[in-house]
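The structure displayed is predicted, hence computed values, not measured ones. Chain letters run A, B, ... following the sequence lines, proteins first, then strands; residues in each count from 1.
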Amino acid sequence: MARDLSVRIGTLALPNPLIAASGCFGYGLEYEEVADLSALGGVCVKGLFMTEREGHPPPRIVETPSGMINAIGLQGIGVHRFVEEKLPRLRERGARVFVNVCGSTIDEYVEVSRVLTEAEGVAAIELNISCPNIKEGGIQFGCSLIGTAQVVSAVRKATHLPVIPKLTPNVTDVASFARAAEDSGADAVSLVNTFLAMVIDVETRRPTLTNVLGGLSGPAIRPIAVRMVWECAREVKIPVIGMGGITDARDALEFMLAGATAVQIGTANFVDPFVWTKVLAGLDDYMARHEIEHLSDIIGAFDPTPPTPVHA
Amino acid sequence: MARDLSVRIGTLALPNPLIAASGCFGYGLEYEEVADLSALGGVCVKGLFMTEREGHPPPRIVETPSGMINAIGLQGIGVHRFVEEKLPRLRERGARVFVNVCGSTIDEYVEVSRVLTEAEGVAAIELNISCPNIKEGGIQFGCSLIGTAQVVSAVRKATHLPVIPKLTPNVTDVASFARAAEDSGADAVSLVNTFLAMVIDVETRRPTLTNVLGGLSGPAIRPIAVRMVWECAREVKIPVIGMGGITDARDALEFMLAGATAVQIGTANFVDPFVWTKVLAGLDDYMARHEIEHLSDIIGAFDPTPPTPVHA
Amino acid sequence: MPPIDVDATVIANRRLSRDYNVLTLSAAAVGARTRPGQFVMVRPARMTDTLLRRPFSVFEILRDANGAPTAITLLNKRAGRTTNRLYEAEPGERMACLGPLGKPYTPVAAPQEAWMVAGGVGLAPFATLAESLASQGTRARLFYGARSDQELFYLDLFERLGVTLIVTTEDGSRGERGRVTAPLDRALGSRAPGTTMIYACGPEPMLAAVAGVAERHRQRCEVSVERTMGCGLGGCYSCVIKVRDGATPPHFVRSCISGPVFNGAEIVWD
Amino acid sequence: MPPIDVDATVIANRRLSRDYNVLTLSAAAVGARTRPGQFVMVRPARMTDTLLRRPFSVFEILRDANGAPTAITLLNKRAGRTTNRLYEAEPGERMACLGPLGKPYTPVAAPQEAWMVAGGVGLAPFATLAESLASQGTRARLFYGARSDQELFYLDLFERLGVTLIVTTEDGSRGERGRVTAPLDRALGSRAPGTTMIYACGPEPMLAAVAGVAERHRQRCEVSVERTMGCGLGGCYSCVIKVRDGATPPHFVRSCISGPVFNGAEIVWD
Ligand SMILES: Cc1cc2nc3c(=O)[nH]c(=O)nc-3n(C[C@H](O)[C@H](O)[C@H](O)COP(=O)(O)OP(=O)(O)OC[C@H]3O[C@@H](n4cnc5c(N)ncnc54)[C@H](O)[C@@H]3O)c2cc1C
Ligand SMILES: Cc1cc2nc3c(=O)[nH]c(=O)nc-3n(C[C@H](O)[C@H](O)[C@H](O)COP(=O)(O)OP(=O)(O)OC[C@H]3O[C@@H](n4cnc5c(N)ncnc54)[C@H](O)[C@@H]3O)c2cc1C
Ligand SMILES: Cc1cc2nc3c(=O)[nH]c(=O)nc-3n(C[C@H](O)[C@H](O)[C@H](O)COP(=O)(O)O)c2cc1C
Ligand SMILES: Cc1cc2nc3c(=O)[nH]c(=O)nc-3n(C[C@H](O)[C@H](O)[C@H](O)COP(=O)(O)O)c2cc1C
Ligand code: FES
Ligand code: FES
């Protein structure tokens, strides 16, 4: 039986549902020696503004129980240098390029998206309205239903590329944000971005990160992320891209069963840059064991009926 | 140097800041053989409604990376049986008893609080407006500023005991809830309750918990909880009681530096029921090393100035 | 006597099969207090990525020449993360071991007979129980069901204690083929009501069946249940099982403190 | 050549002091590709409660009689959770070991001299560098500063390779008392500019001082920095350091891929 792992995000066809999460895979090219970029479902590159950004002074990360907090501050080369220096090579490598688009203003989101639309080789635009690590823009839009709608509508008008707002988990009712995104013309939503978090060094009474606050990612957040993906997938008809602490095929499947059409892997890629082939093999194995021909058949197949007693 | 670990929650003096978290220490008496109840700062008992509650069918817990999800569903003996069967013995043991009060309606919160006020030996009322595991009441109030204000004001009128609403972390801006609580007459706030979360069994496609959703606790959530406590402590003047993943003295100190006057320990008590003496010893050791005479001096002493470079 | 928490060292690890092993832990002080049917809560002590402890019956209490406990053993079966780690444990590793916990079995004395019914790893509580019965001179049988011959362990231990063995396997590779309740049911046919105490431990469907058989034959029956336990001390309310005891309607009780051993007739099976 | 990830076994663990040890890992394939100054990202492979890997210089590349690599060693100093675990590791344990990573030192040939400056565990990259220098016949010195006599390790290794040793300790228990930069500064006084390549590894204040000394004496200087690293591959942007290279204003570069070895003159020290 030929097993088909492909999934569709609107008009975009991916050979498999595994996408490298933004900020966790550089511009993709950093990994060209350890991973076959064309074998990934997609590569979502680090968040880009119009211009270069320096980011926060280090320390920028701290490990936490089963997780990590980052406050990179969106260091980046800006969309123009990306289009010139990185995109051609990513295309050459056969990567399906998702670009994580940032902005301090709605206009900036629109401008960056326009540049990417005119460039060749961008598969989709992920709107980062959920970065907890910058002063203006980002999460300010993502924590307001109106802000979300405004950014999405504005970018929608500026591009024919799939528009995928990335939602923050730092809200009371994430499904309402998915709905606002859908209503404003989004082709899909992705979630979760990181949870606002901090660690204090009790010996010095000072923060561990220069930025004080950062975003929590990794396995620690997975059970919350799965819940949020499930809530969103029940609320909207557009595809949901799920992420948060995925480390193996079981985790990826958990998100897909909860309703994710595709998934992103972030932190786990740091722990094991060869995670991709392992997860793909695990998905394949699961499909074989469960006699699944098309992986897309399991999207949303979670059955909330209580479990049969474990002790039976 | 005699080290003073005492703290005050309004008029309530505690010999030290360590309180057993509700739902993680039974009614306290389950632990009388392993812990000296009078040596704890306080014992917060399992959530109580007016009448007995059966709770959810098992499985009720599942372990997650550095955490656990519970959906106990507030199984409990009701406030009357508590007052008759448990409270006298808790008093005998010298415990400072915090009672976690639940309600399906505002009236029920008021009624339960009234019964407790008339009983002898209750030190404070913690209002559980944040339990994610029940259909009516609980988190419905805790996710609405008006609901929070209503419950707190109503209970405030019915009791002279310290009223401590327990806040849910499943909101966009937890500090606004702390403010609503303070404005409505709360003597303190406690946080965090658990994060709504779920785990899917990918082999069966079914939930791992009968209730599907449950609350995530344990070290996994600590960095988010610390951030929220810091936000609240900066927003309100009343004391904040911090919790979420505390396992040792370092963790307890982290919450206190962030602004917590006292802390609660929940999940870690399952891992090690002797955690109390260890954390107390650790606090004492920290005070000795840092020449701190009164532990209360460090409350809110976190200095957000960026760290001196680690590599110096 | 309150439970204690011992930072135990793995003294030995004997692998019995691809799934089963017996782990010896230097938890003499726990062993000294343990009564048959009680359990311990165990967690690897060093940098484990599992959070909660896991419950295990005390399998054997090892003793020195003077009868003083020197260690305990656990009969471990691989089921997931912690049990896999216990299977792979090397001597020298540390395990936090909290116990003894829970209500023990109620041993009976002659002229009552004691019949133990074990399914798979449910054998665990019966080594200490058989010892205690033997020391009182109570006649005992063990009905022991397993998947196959390869998963029948420690028969000699029970034989040495004078326990009559009745073995069944699912694949028929030893003893009767099928469920252990079949020979139990037949054997009870020749016993007068109220003369036999039945002790059972194993998967819940087996326990339910055994409790049913016992009731039909009007014999007392104690079962040890294995619910998911978060704390083992009554703190978390995770381990509940529905019972029908006395006047109140059926309700959930915490199997870690009201059990794990229950009167089989009182349990409301799922 | 791309890095590889080896599921390495701990072959030996030699404790040098209460804080230092040398861990031998069966990561021959990593060793075969490693050049002096490169590093590996290590993580215990079994059920560890740490999440991220940690960076370590490759200390030695062990070889068989034919010169084929058989294993690598790490010089480990206890600083926190992972380094404590590496200190306590027992032979047989597994460590995931990813590498080699990063830019190596640039070896120089005669008539240039190679002067290595190590502070504490900053000795790590210099065993392989000294070997490589010796094989090229480059004259080498090692300025090695430590807290005390007790924390000066592997001096014989460097002596065997013909490296001139200049030792300082903070407590004066061996060599000159004080910082390692003092004898370095004095010795450079007698060297013509551009004749000496200085390689440094150690705490950043030391690196900054060494870079300053080198600049004053107009010698080239390569420093290996130790920023907190999340991935080691350029993926996370955690490990940045500010550099001044060419036309652009000072900016952050990722020390895992642009370094860890940098031209000391280019770094903007905190
Ligand atoms: C009182 C008591 C005594 C027990 N005695 C023994 C014994 O002597 N030997 C032995 O091998 N096992 C015994 N068990 C079962 C043992 O506790 C579980 O197999 C173990 O907890 C599984 O943990 P894990 O980390 O290996 O599996 P996990 O990775 O946690 O889960 C794997 C599977 O085990 C199930 N499981 C998880 N936790 C428990 C739990 N606490 N109880 C039952 N099932 C669980 C899960 O539902 C899942 O299907 C006993 C259980 C109880 C309650
Ligand atoms: C390129 C490179 C090569 C290195 N080579 C060696 C070596 O050969 N031998 C050796 O013993 N150490 C070496 N280090 C330092 C080593 O990586 C850290 O000591 C280690 O990461 C600390 O991890 P931990 O889990 O023990 O400490 P943690 O519990 O994570 O933290 C303890 C302390 O170490 C600091 N720290 C945490 N992570 C890092 C990190 N990635 N880099 C530096 N400091 C950190 C923290 O700020 C904290 O103060 C090297 C570092 C780098 C960047
Ligand atoms: C170091 C780091 C940098 C990140 N940078 C970005 C970013 O630039 N844009 C963005 O949308 N998300 C960013 N994220 C969030 C991840 O894309 C992802 O949403 C989150 O980490 C959860 O997934 P994970 O648990 O698999 O890492 C970053 C995460 C990490 C850990
Ligand atoms: C098994 C369990 C039961 C709980 N029951 C209650 C409860 O009845 N009332 C309540 O307010 N919080 C309850 N909580 C939440 C805890 O009191 C605490 O807020 C939360 O677990 C975070 O702290 P921790 O990480 O230290 O456990 C419960 C938590 C757990 C794990
Ligand atoms: S295991 Fe916690 S109450 Fe029984
Ligand atoms: S360590 Fe991740 S970019 Fe350098």
Side-chain angles (χ1 to χ4, degrees), chain B residues 20-36 45-47 52-77 133 208-210 214 217-220 245 247 265-275 277-278, chain C residues 1-7 33 40-45 47-55 79-83 96-102 204 225-243 248-259 268-270:
Chain B
S22 178
C24 303
F25 208 62
Y27 295 109
L29 300 172
E30 289 85 344
Y31 286 85
E32 64 184 354
E33 280 198 321
V34 295
D36 173 0
V45 300
K46 178 129 198 72
E52 295 190 28
R53 277 178 72 100
E54 176 165 56
H56 299 309
R60 290 175 166 186
I61 63 167
V62 58
E63 188 174 288
T64 66
S66 298
M68 64 179 285
I69 306 181
N70 88 80
I72 308 298
L74 288 171
Q75 176 175 351
I77 58 175
N133 291 325
T208 52
L209 300 177
T210 305
S217 64
T247 66
I265 299 180
T267 304
N269 174 66
F270 302 152
V271 180
D272 179 7
F274 298 99
V275 67
T277 44
K278 294 175 191 168
Chain C
M1 267 225 285
I4 53 173
D5 191 20
V6 176
D7 177 14
R33 308 168 179 220
V40 289
M41 294 289 287
V42 176
R43 181 174 190 263
M47 291 189 82
T48 180
D49 64 359
T50 49
L51 178 68
L52 299 169
R53 296 179 188 238
R54 301 291 194 272
R81 303 174 55 74
T82 300
T83 49
C97 178
L98 173 73
L101 300 166
E204 281 199 16
V225 300
E226 296 191 357
R227 297 268 152 152
T228 305
M229 289 184 177
C231 70
L233 281 167
C236 72
Y237 282 79
S238 67
C239 59
V240 295
I241 189 158
K242 197 159 265 183
V243 298
T248 54
H251 60 284
F252 285 126
V253 299
R254 289 164 284 180
S255 66
C256 64
I257 53 173
S258 299
V268 183
W269 301 101
D270 291 321

Colleague: Do B/Gln75 and C/Arg254 have side chains that get closer than 4.5 Å, going by heavy atoms?
Modeller: no
Colleague: So which of C/His251, C/Met1, C/Met229 has the biggest tally of heavy-atom pairs under 4.5 Å with chain B?
Modeller: C/Met1
Colleague: Non-hydrogen atoms of chain B under 4.5 Å away: do they reach the side chain of C/Pro250, the backbone, both or neither?
Modeller: backbone
Colleague: Can you check whether C/Val240 reaches C/Arg227 side chain to side chain, under 4.5 Å on heavy atoms?
Modeller: no
Colleague: Do B/Ile72 and B/Lys46 come close enough that some side-chain heavy atom pair is under 4.5 Å?
Modeller: yes
Colleague: Can you tell which part of B/Asn269 gets under 4.5 Å to a heavy atom of chain C, answering side chain, backbone, both or neither?
Modeller: neither
Colleague: So which of C/Leu52, C/Ile4, C/Leu98 has the largest heavy-atom pair count under 4.5 angstrom toward chain B?
Modeller: C/Leu52
Colleague: Please flag which part of C/Arg81 lies under 4.5 Å from any non-hydrogen atom of chain B: side chain, backbone, both or neither.
Modeller: neither
Colleague: Is there side-chain contact between B/Val275 and B/Thr247, with heavy atoms separated by less than 4.5 Å?
Modeller: no
Colleague: Between B/Ile69 and B/Leu209, is any pair of side-chain heavy atoms under 4.5 Å apart?
Modeller: yes
Colleague: Is it the backbone or the side chain of B/Phe25 that comes under 4.5 Å from a heavy atom of chain C, or both, or neither?
Modeller: backbone
Colleague: Identify the two heavy atoms, one from C/Val268 and one from C/Val243, that lie closest to each other, and give their separation to 0.1 Å.
Modeller: CG2-C, 4.1 Å
Colleague: Measure B/Pro57 against the heavy atoms of chain C and call it side chain, backbone, both or neither at under 4.5 Å.
Modeller: both
